[in-house]
Amino acid sequence: MTKKIYTLFIIFMLMIVSIAGCSKNDVETIGFVEDSQEEVVDSNDEQEDEIEEVEIDYEKIKPNEAGQIMVLMYHSIGDEEKIFTRTPDNLKKDLQTLYDLKYRPISLEDYATGNINVEAGCSPVVLTFDDGHQNNFNVIEKEDGTIEIDPLCAVSILEEFNKKHPDFPLEATFFLNGGTPFRQSEHLEFKIKYLIEKGMDIGNHTANHIDLSDTNDPEKIISEITKVNDLITQYVPDYEVNTLSLPFGGKPQTDELKQIVIEGDNGQYKNIAIVEVGWDPYKSPFDKDFNPYAIHRVRASDLQEYVKGCGINDWIQRIEKGERTKFISDGSPDKVTVPEKYKDKIDVNKIGDRELITYTLEETQ
């Protein structure tokens, strides 16, 4: 069973290109195309109910779904900024910066499968948290026996920002390891169910946080992955844990073992996305070279002795300067829109039944 059931509203776009037309754009549609139709509705006055025509302002939005996407890597949330620690204030600043620059969170699963459903003109971003630290999701027990979520933990900060900005979805993946994720065993069931009910995701980080490049034993790899999955499904049986974060970024040494990491030998699990440590944004899911089992991440830190110019704000600035091509959404999960010059980067097999639309813009003098 998949994690979420998505209801897709199909919007038909009529592209009008003529000498007397109002658009300055030349548009080409490639691949799967669905003819728009008029729907006639019986009514007392026998009037036609016309389908609304939706048009993208290419000059304004400049959609490019061949661009790159940041997958942010967080670990601990604490009082002092350290190599693997982000302060609550800095996490809040990160979210505000992303929001102001029109980044919108999507799930790692949606990224890997190309289900990019963000507003036209916005850019998807993926938020991930490794290791299942207590400060990722901390519960405070009150004197009267009730509990509340610590306002300084990652989950609370994400929720509060979403409440203030409903157009910034509550999407994040928490990669768990160890026998007691989030470090409060008495509240583990509550936390796991809470995250899933809120629409956030849980991924696998191996039971003992092992470096997978240091083992040649397929059974050990399977055990490390299945133990975490079994722990989660113990509380939510229908939940599918299908994403994995490689501890230390360690990759198995052989193709056989790499395949074992992706999928157990007897179908014990099947990962659709595997994230590395990484230092940079990664490719569009429609890119010919996109590999869902080797997704790079950007370290959510500003400590230059650690990130060496490749931290979260470094990359945000570099992307805005054009050092990397930014993924800009066309607003429809059923279409893939790219400038004509990026058409050759797209793998038509990866777009599936989506329409591939290319366009060119008139250069102004």
Side-chain angles (χ1 to χ4, degrees), residues 6 8-18 20-34 36 51-71 95-106 110-111 114-126 165-169 171 281-287 290 315-348 350-365:
Y6 295 94
L8 300 178
F9 296 95
I10 300 176
I11 303 174
F12 297 99
M13 180 184 299
L14 180 62
M15 298 299 176
I16 303 175
V17 182
S18 65
C22 62
S23 173
K24 297 168 63 179
N25 310 314
D26 296 326
V27 181
E28 178 185 0
T29 301
I30 303 170
F32 178 84
V33 180
E34 211 168 359
S36 58
I51 293 177
E52 181 181 0
E53 295 176 4
V54 179
E55 227 178 292
I56 291 180
D57 185 340
Y58 291 91
E59 290 281 0
K60 179 180 179 181
I61 295 175
K62 296 181 173 63
N64 188 353
E65 299 190 318
Q68 296 189 343
I69 294 174
M70 285 197 300
V71 180
L95 299 178
Q96 189 64 55
T97 298
L98 292 169
Y99 181 79
D100 292 343
L101 291 175
K102 295 187 176 181
Y103 287 91
R104 298 295 182 265
I106 63 172
D110 284 346
Y111 173 34
N115 184 38
I116 311 296
N117 190 11
V118 299
E119 180 184 351
C122 290
S123 299
V125 64
V126 181
H165 305 283
D167 56 335
F168 193 86
E171 294 279 8
Y282 197 53
K283 302 173 179 66
S284 163
F286 312 117
D287 192 296
F290 175 76
W315 271 117
I316 287 174
Q317 292 174 23
R318 293 172 68 176
I319 291 169
E320 293 305 310
K321 290 178 182 178
E323 290 189 26
R324 293 288 181 92
T325 302
K326 185 179 183 181
F327 188 111
I328 300 176
S329 174
D330 63 7
S332 172
D334 302 317
K335 297 177 175 63
V336 176
T337 303
V338 300
E340 175 67 26
K341 64 181 181 180
Y342 287 91
K343 180 174 68 175
D344 291 342
K345 290 180 66 65
I346 299 299
D347 184 340
V348 294
K350 290 178 179 176
I351 69 173
D353 288 341
R354 302 174 184 89
E355 292 181 45
L356 176 59
I357 298 173
T358 66
Y359 69 96
T360 57
L361 297 175
E362 259 186 36
E363 294 188 9
T364 57
Q365 299 295 327

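Numbering of residues begins at 1 and proceeds along the displayed sequence.
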Note, V336 side chain near I116 side chain (heavy atom, < 4.5 Å): no
Min side-chain heavy-atom separation V118-I106 under 4.5 Å: yes
Any donor-acceptor pair under 3.5 Å from R104 side chain to V125 backbone: no
Taking every non-hydrogen atom, the tightest pair across [X] and [Y]:
X	Y	result
P339	P63	CD-O, 3.6 Å
E340	T358	OE1-OG1, 2.9 Å
P281	M70	CG-CG, 4.0 Å
I61	A120	CD1-CB, 3.9 Å
P333	R354	O-NE, 3.2 Å
S284	G67	CB-O, 3.2 Å

Give, for atom [atom1] of [X] and atom [atom2] of [Y], the distance between the pair rounded to the nearest 0.5 Å.
X	Y	atom1	atom2	result
I69	S329	CD1	OG	9.5 Å
I316	K321	CD1	NZ	13.0 Å
D110	E171	CG	CD	6.5 Å
Y359	K341	OH	NZ	9.5 Å

Please identify each residue that fulfils side chain to side chain donor-acceptor pair (under 3.5 Å) with [X], with sequence neighbours left out.
X	answer
Q317	none
T337	D330
D100	Q96
E119	none

With Y111 via ring pair (Phe, Tyr, Trp, His ring centres under 6.0 Å) - residues at least two apart: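 Result, ring pair (Phe, Tyr, Trp, His ring centres under 6.0 Å) vs Y111: F290.
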Please enumerate all residues that pass salt bridge (charged side-chain N to carboxylate O under 4.0 Å, His left out) together with [X], with sequence neighbours excluded.
X	result
E323	R318
K345	D287
K350	none
D347	none

Side-chain ion pair, E320 and K326, N-O less than 4.0 Å: yes
CA sep, side-chain torsions, deciding dist, call: F327, E65, side chain to side chain contact (heavy atoms under 4.5 Å, CB included): CA-CA 5 Å; F327 188 111; E65 299 190 318; 3.5 Å; yes
Stepwise side chain to side chain contact (heavy atoms under 4.5 Å, CB included) check, Y342 with T325: CA-CA 10 Å; Y342 287 91; T325 302; 3.4 Å; yes
Residue pair L356, F286: steps toward the side chain to side chain contact (heavy atoms under 4.5 Å, CB included) verdict: CA-CA 10 Å; L356 176 59; F286 312 117; over 6 Å; no
From CA spacing to verdict: side chain to side chain contact (heavy atoms under 4.5 Å, CB included), Y103, I319: CA-CA 12 Å; Y103 287 91; I319 291 169; 3.8 Å; yes
